[in-house]
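Structure, as structure tokens:
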Amino acid sequence: MNGDELCVKHIILNLANCLELLVKYRLEQEHWTLIFSDLNKAKYSDYLEGDFISVVVKSGISRLKNICEVKYVFTSSIHIYQYRNRLMHYTLISTFEQIIEDVANAMKEIAEFVEKEVIEDLPKEAQKDFQSSIHRAFVPQITRSCLKKVI
């Protein structure tokens, strides 16, 4: 695996983790049981101990739409999560250009989701950090260096 591929691999993994954590965070803000894979097995003691199987991203997004009434589209973000799964199982086949396009669009989707659904619940310092990072540069340095190599 060359440097470009390794760079993109890390971006995909980090974005997928970011999406998963944000979806679960927003579900948890609605009610702690919503982060359980099986709502019928939700026990508060297991929640406190972290001893449970949590909801997968696609189901989490469905819960956001159906239960939390979040009207938000995660099209590119879902592609990133699918890339993540394919990376983990060594089956990722796509063009570098398509992956980069989906990465850029997913970053935009995730930033918009945070601004609309998450940021108000964060501590003031975290709000400032997020807003300053968005204003500094939409695309982090690591992504910029990968994009320069592609273009």
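Being a predicted model, the structure only gives us computed values, none of them experimental.
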Here the gap from L48 atom CG to K43 atom NZ, rounded to the nearest 0.5 Å, amounts to 11.5 Å
Rounded to the nearest 0.5 Å, the CG atom of N14 sits from the NZ atom of K9 at a distance of 11.5 Å
With sequence neighbours left out, the residues meeting side-chain contact (heavy atoms from CB on, under 4.5 Å) with N66 are S62
Would you list the atom pairs, donor with acceptor, under 3.5 Å between side chains in residues 49-59 and any protein atom, with sequence neighbours excluded?
| from | atom 1 | to | atom 2 | distance (Å) |
| --- | --- | --- | --- | --- |
| S54 | OG | K24 | NZ | 2.6 |

So CG of L13 and CG of L87: to nearest 0.5 Å the spacing works out to 5.5 Å
For C68, the side-chain contact (heavy atoms from CB on, under 4.5 Å) test, sequence neighbours excluded, returns R26, L27, E30, L34, L64, V70
Taken in chain and number order and not counting sequence neighbours, the residues that satisfy side-chain contact (heavy atoms from CB on, under 4.5 Å) with T75 are V73, H79, E109
Does any non-hydrogen side-chain atom of L92 lie less than 4.5 Å from one of I99?
-> yes
Between the CD1 atom in I110 and the CZ atom in F74, the distance rounded to the nearest 0.5 Å is 8.5 Å
Contacts satisfying side-chain hydrogen bond (donor to acceptor under 3.5 Å, both in side chains) that involve residues 82-91 (not counting sequence neighbours) are Y83-D102
Output for pair (I11 CD1, I100 CD1), nearest 0.5 Å, gives 6.0 Å
Those residues at least two apart in sequence (or on a different chain) that pass side-chain contact (heavy atoms from CB on, under 4.5 Å) with K116 are Y72
Rounding to 0.5 Å, atoms CE (M107) and CG (N105) come to a distance of 11.0 Å
Contacts satisfying salt bridge (charged side-chain N to carboxylate O under 4.0 Å, His left out) that involve residues 62-71 (not counting sequence neighbours) are none
Side chain to side chain donor-acceptor pair (under 3.5 Å) filter on T33, not counting sequence neighbours, yields H31
All heavy atoms of S76 vs all of A106, minimum pair found to be CB-N, 3.6 Å
By ring-ring contact (aromatic ring centres under 6.0 Å, His included), Y44 pairs with (sequence neighbours left out) W32, Y47
